[in-house]
Amino acid sequence: MLTLKVITENTDDVIRRLAKKHFDGKEIIGKVLDLDKKRRNTQASLDASLAELNVLSKSIGSLMKDGKKAEAEEAKAKTVQLKENNKTFENDMRDAETELQNLLVLIPNLPAEIVPEGNGADDNLTVKTGGAVPELSADALPHWELAKRYDIIDFELGVKITGAGFPVYKGKGARLQRALISFFLDNAREAGYLEVQPPYVVNTASGYGTGQLPDKEGQMYHCNEDDLYLIPTAEVPVTNIYRDVILNESELPIKNAAYSACFRREAGSYGKDVRGLNRLHQFDKVEIVRIDKPEHSYESLQEMVDYVQSLVDKLELPWRILRLCGGDISFTSALTYDFEVFSAAQKRWLEVSSVSNFESYQANRLKCRYKSADKKPQLCHTLNGSALALPRIVAALLENNQTPKGIRIPKALVPYTGFEYID
RNA sequence: GGAGAGGUGGCAGAGUGGUCGAUUGCGACGGUCUUGAAAACCGCUGAACCGAAAGGUUCCGGGGGUUCGAAUCCCUCCCUCUCCGCCA
């Protein structure tokens, strides 16, 4: 969430910038300012009252020691009214604080100035493209047909075992998954990311930390018995490593990479967009997470974008990078670049990565701060991106590389798969 | 699943009703010494909020209670560890 400091010091600017996200902040920010004022006043009163009580208590202590019983009793009597006042102030304080908190979580992050205006996916700005779209013959097949032909992914079997959206990968299909995971992790390591293996199940505190809770609760699988959630992305456990942490300036930037299975309920998603590998309930992904000083975070973002580009280049896929517009960018992000690869048989662009700078929005919730030499702790900036999500990469690889000899594996991947064709 | 122990500052570890935000050790940081480093010695070292500042308030797992006063007593919840059992 946004810090009170930003809201109070740059009120008009905040409202103006929120408008790009089609968020009318005028009323809610007015309320925030009022509540903040109320909170300050209440605290001043409460502190004064508590201070008075503290003084009295100490005096009672010393009076008792000196054997001045009567005077001590007199002082005790005075505390009654003070304690009553404290209770009132405390209640007011708590009410103001929770109300303030409840409002603050409703305000989205401010979009960066370069975020384009726009309402939805059509208004995103294509900032870069690369790779060549292959010429497929007229009888080219979509990946779900290819998966069946080569018997490498069994969607029906997954339905039997679990349900739709949980495919079973077999033979070279399974080996391709494993190869891609290793390929992504090795590349990340070479780019300076520390590999971590996080839990795939998180508690509610972690869910709140990265913002999945409370609003996106319905998108996660929940284990009732233990009140734990299956992670929708490794971002959740990895970023939460840094929850309630004050980092030393010298530790920054932090660069982590993690493979995990990801679980998403995808409630409300139906139709042709979800065929085959296009949308799954369980999928594999390698995620990169960065934590950096505010003044370096946009440099970091660019580095991450360049890094993801290097991956799709090595996989010889046609790609494009979109700068998401105000209407399409997520609630918590300040600037997001989406990577899409072209899946030639479906003739569709598929999103395979989303790289975002959250600035201090997420860090404020996480209480992730850093301390430099002699300054007070201040909030870090957090960033993350997929590098990469597997299913749609596999979809594009299968479709784009179908040949009479079988599915051709890109050169960079062959050392990992151990085979050049799926046939 | 059964039994027990415990949650205190970056870590270790004292503190069992009053001046304790908390002894001490380690670590970190600054300095002296040194060509440099180590060692030694000296100093310093939590966070949040209110306040222009001075200063004030809060925080010893969370919440509640007793008391003029709670890290310390009571209740409750959560978590961690150890042993036994089961098991990858």
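Throughout, a chain's letter reflects where its sequence line sits, starting with A, and its residues are numbered from 1.
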By ring pair (Phe, Tyr, Trp, His ring centres under 6.0 Å), F183(A) pairs with (sequence neighbours left out) Y416(A)
Atom P, compared across U23(B) and C60(B): separation rounded to whole Å:
16 Å
Under 6.0 Å from the NZ atom of K26(A), do we count more than 12 heavy atoms belonging to anything else shown?
no
Is A38(B) paired to anything, Watson-Crick or G-U wobble with both distances less than 3.5 Å, and if yes, which nucleotide?
none
Consider only side-chain N and O atoms of R275(A) and N278(A), and report whether a donor and an acceptor are under 3.5 Å apart.
no
Within 6.0 angstrom of Q197(A) CD, more than 12 heavy atoms from elsewhere
no
Roughly how many Å apart are A52(B) and A14(B), using the P atom of each and rounding to a whole number?
44 Å
Near RNA chain B, counting only heavy atoms under 4.0 Å, which residues of residues 29-40 of chain A show up?
R39(A), R40(A)
When the nearest nucleotide of RNA chain B is assigned to M93(A) and to K87(A) on a heavy-atom basis, which residue is associated with the more 5' position?
M93(A)
For N54(A), answer base if it contacts any base atom (sugar-phosphate contacts may also be present), sugar-phosphate if it contacts only those atoms, and nothing otherwise; contact means non-hydrogen atoms under 4.0 Å.
sugar-phosphate
Under a 4.0 Å threshold between the charged nitrogen and the carboxylate oxygen, would R323(A) count as salt-bridged to E113(A)?
no
Can you work out whether P377(A) or A51(A) has the more 5'-proximal nearest nucleotide on RNA chain B?
P377(A)
Kindly confirm or rule out a cation-pi arrangement of K172(A) over Y150(A), judged by NZ or CZ under 6.0 Å from the six-membered ring centre and within 45° of its axis?
no
Base, sugar-phosphate, or nothing: which does L50(A) touch, judged by heavy atoms less than 4.0 Å apart?
sugar-phosphate
Paired with U57(B): which nucleotide, if any, by Watson-Crick or G-U wobble criteria at under 3.5 Å for both distances?
A48(B)
List the residues meeting ring pair (Phe, Tyr, Trp, His ring centres under 6.0 Å) with Y307(A), not counting sequence neighbours, and say none if there are none.
Y193(A)
Taking NZ in K58(A) as the centre, count heavy atoms belonging to other residues, nucleotides or ligands within less than 6.0 Å. Is the count above 12?
no
Watson-Crick or G-U wobble partner for A3(B), using a 3.5 Å limit on both distances?
U82(B)
How far, in whole Å, is U57(B) from C41(B) if one measures between their C1' atoms?
39 Å
Touch check for K83(A), heavy atoms < 4.0 angstrom, all strands: base, sugar-phosphate only, or nothing?
sugar-phosphate
Nucleic acid contacts - residues 205-213 of chain A versus RNA chain B, non-hydrogen atoms under 4.0 Å
none
State whether the number of non-hydrogen atoms from other residues, nucleotides or ligands found under 6.0 Å of E420(A) atom CD is greater than 12.
no
Could you measure between the two C1' atoms, the one in C78(B) and the one in G62(B), and give it in whole Å?
7 Å
Do you know which two heavy atoms are closest between L46(A) and N86(A), and how far apart they sit?
CD1-O, 3.9 Å
Say you pick atom C1' in U8(B) and the same atom in A22(B); how far apart are they, in whole Å?
9 Å
Which nucleotide, in any strand shown, forms a Watson-Crick or G-U wobble pair with G21(B), with both distances under 3.5 Å?
none
Pairwise P distance, C73(B) and G18(B) [rounded to whole Å]
12 Å
For the residue pair Y259(A) and Y200(A), categorise the inter-ring angle as parallel (less than 30°), tilted (30 to 60°) or perpendicular (more than 60°).
perpendicular
What I want to check is whether the side chains of S310(A) and D313(A) have a donor and an acceptor closer together than 3.5 Å.
no
Measuring only the P atom in each nucleotide, how far is G25(B) from G43(B)? A whole number of Å is fine.
11 Å
Strand partner of A28(B), provided both Watson-Crick or wobble distances fall under 3.5 Å:
none
Would you grab the first and last nucleotide of RNA chain B (5' to 3') that comes under 4.0 Å of any non-hydrogen atom in chain A?
G18(B) to G69(B)
Say you pick atom P in C50(B) and the same atom in G1(B); how far apart are they, in whole Å?
45 Å
Residues in ring pair (Phe, Tyr, Trp, His ring centres under 6.0 Å) with F184(A), at least two apart?
none
